[in-house]
Amino acid sequence: MERFFSQRARNIRRSVLRELLKFTQRPEIISFAGGTPDPETFPWEELAEIAAREIRENYAQSLQYSTTEGDTGLREELLKISRADGIEAELDEIVITTASQQGLDLIAKTFLDPRDVVYVELPTYIGAIQAFRAMEAKLVGIPLEDDGMDLDALRKKIAADRARGERAKFIYVIPDFQNPAGVRWSEEKRRELLRIAAEEDLLVVEDAPYRPLRFAGKAMPSLKAMDEHDRVVFLFTLSKILAPGLRIAALIGSEEIVDKIVAMKQAADLCTPALTQALAREFLRRHDLEEHMEKIRTCYREKRNRMIEALERYMPEGVRWTRPEGGLFLWMTLPEGVDTERMFPKALERKVAYVIGAPFFVDGTGQNTMRLSFAIATPEEIEEGIRRLAEVVKEELAALSATAQV
Ligand SMILES: Cc1ncc(COP(=O)(O)O)c(C=O)c1O
């Protein structure tokens with residue numbers, strides 16, 4: 001069979017994480033592994049009511065094909081939200097995508113030839129790694145610091161790549177409450193990144209699924225809002241603020257870029273489902289999104305606080321974690337020598353699960369890291385799960401120091 005596969009398909013692998021996640025679904029396991037939002041935050045009653053009406057009274061549109069650009073009413077609603085966030089864009093600068101993952105796939109297909117360089121954070125979102133690698137891009141990782149990417153390191157890498165004659169296309173970043181690390185970029189670094197992009201003639205892909213989920217700290221402008229030269233392609237999804245099952249997101253960029261993305265999308269799926277676009281449009285028209293998001297933020301703030309308190313109480317010396325001001329994730333770094341993949345079965349034995357960190361690093365590092373989601377578990381489960389995890393970590397550290405002494 002192998003001989004039938006394209007070169008691309010031969011190189012592509014299923015995500016290790018998706019495989020590991022299968023083990024974490026048993027009900028007795030407290031899982032910090034999933035990347036999904038809390039279903040209790042979905043506005044299911046409102047959506048059920050809209051769905052019934054849209055199908056009964058508007059089936060000629062809602063069960064029909066949509067245009068590839070997407071429902072005009074929905075695009076207008078999303079533009080209003082973006083404007084309130086400082087992004088000035090017009091209708092021909094936005095396209096609805098079958099959630100952001102498709103946005104990433106279309107960006108990869110639109111911009112990347114084999115061996116083109118993409119700069120990414122270390123660590124970064126696995127779905128983006130998969131989408132860019134599928135186009136045979138070369139991913140160059142730049143360390144992520146507490147306030148964003150290490151931009152000196154970025155400058156050096158760009159210079160070195162240029163000297164070697166490499167062709168770089170864009171920098172992919174998640175500046176708000178990053179997946180996986182929960183980090184938020186400072187305003188200075190945001191401005192500096194745009195300066196670098198302009199000097200080096202690179203595009204910036206700003207992926208912002210967690211941006212609306214800020215439950216602490218002050219508001220920070222998006223890169224797109226500060227983009228004066230149409231260098232930023234902005235991805236904005238409803239997955240974390242309404243429901244990922246809708247598969248609705250928007251890509252905002254220059255008219256020229258959006259036009260190419262639309263052409264690429266025609267080949268991918270003709271259009272995003274008209275029905276879920278109608279659900280999203282009507283929800284945004286009839287309900288107060290800000291009020292809905294405030295409920296979500298309250299839910300995640302409480303869970304994040306509970307997780308940090310538990311970590312402070314139970315984790316041994318030498319373990320570090322981020323203190324996210326939004327989003328769903330917290331990032332934990334264990335002392336050098338710990339391998340979180342090797343430790344994973346021991347955690348499962350104790351009925352607690354996390355996501356191993358290494359797959360988020362494009363340079364093969366990160367063995368001593370893990371991602372913890374505070375979104376799904378209840379506050380009580382968070383407390384108990386962190387207690388169990390701390391036991392596993394303590395045992396692992398004790399075993400490591402015992403072997404070091406032999
Ligand atoms: C950084 C990032 N980008 C994109 C996505 C994809 O989201 P969706 O396709 O549901 O919009 C996710 C999902 O977890 C994510 O964390």
Side-chain angles (χ1 to χ4, degrees), residues 15 17-18 21 31-39 41-42 70 74 78 81-82 94-108 118-134 139 141 144 148-149 170-185 204-214 222-224 232-252 261 265 268-269 272-273 276-277 279-280 296 300 322 324 326-331 355 357 359-362 371-376:
S15 150
L17 291 196
R18 295 227 165 260
L21 279 178
S31 178
F32 303 131
T36 55
D38 184 342
T41 66
F42 301 159
L74 174 61
L78 294 176
I81 299 173
S82 309
I94 179 171
V95 44
I96 304 297
T97 56
T98 305
S100 286
Q101 190 60 39
Q102 184 183 50
L104 291 168
D105 181 59
L106 297 176
I107 284 170
V118 177
Y119 298 99
V120 301
E121 292 156 295
L122 274 178
T124 191
Y125 170 55
I126 291 182
I129 299 178
Q130 285 180 308
F132 304 154
R133 285 214 171 125
L139 303 191
L144 185 63
M149 197 182 248
F170 60 82
I171 311 165
Y172 167 74
V173 289
I174 311 155
D176 292 287
F177 323 117
Q178 201 235 24
N179 179 5
V183 163
R184 186 154 71 128
W185 286 46
V204 174
V205 175
E206 178 178 23
D207 192 3
Y210 308 99
R211 182 168 170 78
L213 299 183
R214 178 174 60 84
S222 68
L223 295 169
K224 186 67 192 157
V232 181
V233 182
F234 184 74
L235 296 176
F236 168 62
T237 179
L238 297 185
S239 286
K240 315 291 166 163
I241 53 178
L242 287 189
L246 294 174
R247 309 309 294 137
I248 300 282
L251 179 152
I252 300 179
I261 295 276
K265 182 173 161 67
D269 64 356
T272 293
T276 59
Q277 292 192 71
L279 295 188
I296 306 182
Y300 292 139
T322 54
L328 311 180
F329 309 113
L330 178 151
W331 187 247
V355 161
F360 297 91
F361 287 78
V362 295
R371 187 188 73 182
L372 298 174
S373 162
F374 45 82
I376 292 287

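Start at 1 and go down the list; that is how both ligands and their atoms are numbered.
- What you find for Ile261 and Leu251 is that their closest heavy atoms are CD1-CD1, 4.0 Å.
- Nearest residue to atom 16 (O) of ligand 1 from Phe236, Tyr210, Tyr172, Phe329 is Tyr210 (criterion: closest heavy atom).
- For Ser239 against Arg247, the heavy-atom pair with the smallest separation is OG-NH1, 3.5 Å.
- For Lys240, the closest heavy-atom approach to ligand 1 falls below 4.0 Å.
- Taking a cut-off of under 4.0 Å to the non-hydrogen atoms of Arg247, the atoms of ligand 1 that pass are 8 (P), 9 (O), 10 (O).
- Scanning both residues, Glu121 and Ile174, for their nearest heavy atoms gives OE1-N, 3.0 Å.
- Considering all non-hydrogen atoms of both residues, Pro123 and Phe361 come closest at CB-CE1, 3.7 Å.
- Among all heavy-atom pairs drawn from Ser100 and Ala249, the shortest one is N-CB, 3.3 Å.
- Summary of contacts: the protein heavy atom closest to atom 6 (C) of ligand 1 is Tyr125 OH, 3.5 Å.
- Within the 4.0 Å heavy-atom shell around ligand 1 one finds Pro209.
- Between Pro209 and Thr237, the shortest heavy-atom distance links the atoms CB-CG2, 3.5 Å.
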Verdict with reasoning, Trp331 to Val183, per side chain to side chain contact (heavy atoms under 4.5 Å, CB included)
CA-CA 9 Å; Trp331 187 247; Val183 163; over 6 Å; no

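- Proximity of Ser100 to ligand 1, defined as any heavy-atom pair under 4.0 Å, is shared by backbone and side chain alike.
- Those atoms of ligand 1 with a heavy atom of Ala99 less than 4.0 angstrom away are 8 (P), 9 (O), 10 (O), 11 (O).
- Within the set Asp207, Thr97, Leu235, the minimum heavy-atom distance to atom 3 (N) of ligand 1 is found for Asp207.
- Distances from ligand 1 to the non-hydrogen atoms of Gln178 include no value under 4.0 Å.
- Panel note: side chain Glu206, backbone Pro175; no donor-acceptor pair is recorded below 3.5 Å.
- Of the heavy atoms in Ser239, only side-chain atoms (C-beta onward) come closer than 4.0 Å to ligand 1.
- Atom numbering of ligand 1 starts at 1 in the shown order; those under 4.0 Å from a heavy atom of Ile174 are 1 (C).
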